[in-house]
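Accompanying notes for the structure given below.
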Number of protein chains: 2
Amino acid sequence: MRTQRVVLGAIEQDLKSAALPPLGWYDVLLELSRAADERLRPYEIEERTLLAQHNLSRLLDRMERMNLVRREAFDGDGRGRWVVLTEAGRSMQTRMWAVYAASIQAHLGAHLTDSDAEGLSALLAKLMR
Amino acid sequence: MRTQRVVLGAIEQDLKSAALPPLGWYDVLLELSRAADERLRPYEIEERTLLAQHNLSRLLDRMERMNLVRREAFDGDGRGRWVVLTEAGRSMQTRMWAVYAASIQAHLGAHLTDSDAEGLSALLAKLMR
DNA sequence: CCGTTGTAGATGCATTTGCATGTATCATGC
DNA sequence: GCATGATACATGCAAATGCATCTACAACGG
């Protein structure tokens, strides 16, 4: 828990120093960029990012206000919505990745060998079951 | 990050189900219970728990409102305060530990062998440097 | 002494989160 | 086809967090 807080704090700080939004935004942008047609239903983003439904709903509000995503109607289920990545969203994802990747390298990669990283990943995976 | 969120979420949920306060409260209570005279200066709690100064200040407000801690004047530096564990605080720490310990066992211990745990701990320690 | 700078802790204000509930739509069983 | 319960997403309100700043006191240099 302590390590996570320290590392996450350092990464968030790097993003903030670069005048970029917090990590949660990146997670959403990344999932959208990977999705077919660069669009997902909110509940799909929810599953992939582990964001709580109401938090995601408001995060999307903020992102939509910044024109990073756009909400569209979803045909075939009147309750559903599409969340679509915009051009600005795509470019934000790229800009965030530049900083985020460097930050991962500095705060994680630089401290671990490849086999450390694999070991850590395997141990954490055990906890997810 | 994902693993931490899942595990922390599960632990917080266990505490909430037992009608107990969040984990941050336990951290403070634990540090106080370990301290000489069961008292610490706010900045000492801050260092040990990694809580931000303003967050700790308000957490202490809440805990004081619940009579778990008491703030006292600190002689020798007029700016300083003592945060003192109360009887109710001591008993809350004990009650939380019962639930927390079981939760750690369920969400961490049950998934890891002893050598897994040591390995994980060693890897995380590498990240803290 | 006195002014300046530093440190401990508190607090006002904006933003974010959590929780419960609301609204709309869908699916199912009768 | 219509009540009943489930699902998708939004939202009002309270609580927690982040950020900047404030107050009070200490320390230091002249």
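Fair warning: this is a prediction, and the values are worked out from it, not measured in the lab.
Taking the salt bridge (Lys or Arg N to Asp or Glu O under 4.0 Å) definition, one finds that A:Glu31 meets it with A:Arg34, A:Arg48, sequence neighbours left out.
In this structure, the CD atom of A:Glu64 is 13 Å from the P atom of D:dC9, given to the nearest Å. The distance between atom OH of A:Tyr43 and atom C1' of D:dA6, rounded to the nearest whole Å, is 15 Å. Distance CG (A:Asp61) to P (D:dA10): 7 Å, rounded to an integer number of Å. A:Glu46 has its CD atom 11 Å from the P atom of D:dA10, to the nearest Å. Remark: P of D:dT7 and CD of A:Glu47 are 13 Å apart, rounded to the nearest angstrom.
Protein chain A touches strand DNA chain C; the 5'-most and 3'-most nucleotides with an atom under 4.0 angstrom of its non-hydrogen atoms are C:dT16 to C:dC26.
Using a 4.5 Å heavy-atom cutoff, the side chains of B:Met92 and B:Pro21 are in contact.
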Inset, instruction - Take A:Arg90 and A:Glu87 through the test salt bridge (Lys or Arg N to Asp or Glu O under 4.0 Å) and record every step on the way to the result. - result: CA-CA 5 Å; A:Arg90 214 172 300 126; A:Glu87 179 51 39; 2.4 Å; yes
Inset, instruction - With salt bridge (Lys or Arg N to Asp or Glu O under 4.0 Å) as the test, would you mind laying out the steps for A:Glu64 and A:Arg70 before giving the verdict? - result: CA-CA 6 Å; A:Glu64 192 168 32; A:Arg70 185 164 16 94; over 6 Å; no
Inset, instruction - Check step by step if salt bridge (Lys or Arg N to Asp or Glu O under 4.0 Å) holds for A:Glu72 and A:Arg39. - result: CA-CA 10 Å; A:Glu72 289 182 5; A:Arg39 65 183 57 210; 3.2 Å; yes
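Using the six-membered ring where Trp is involved, A:Tyr100 and A:Tyr26 have ring planes that are perpendicular, over 60° apart on the 30 and 60° scheme.
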Legend entry - Sugar-phosphate or base contact per nucleotide [nucleotides 17-27 of chain D; S, B, -; heavy atom under 4.0 Å]: SBB----BBS-
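For the 3.5 Å distance criterion, the side chains of B:Asp14 and B:His107 qualify, holding a donor opposite an acceptor.
By the neighbour-count criterion of 12 heavy atoms within 6.0 Å, atom CE of B:Met66 is sparsely surrounded, having that number or fewer from other residues, nucleotides or ligands.
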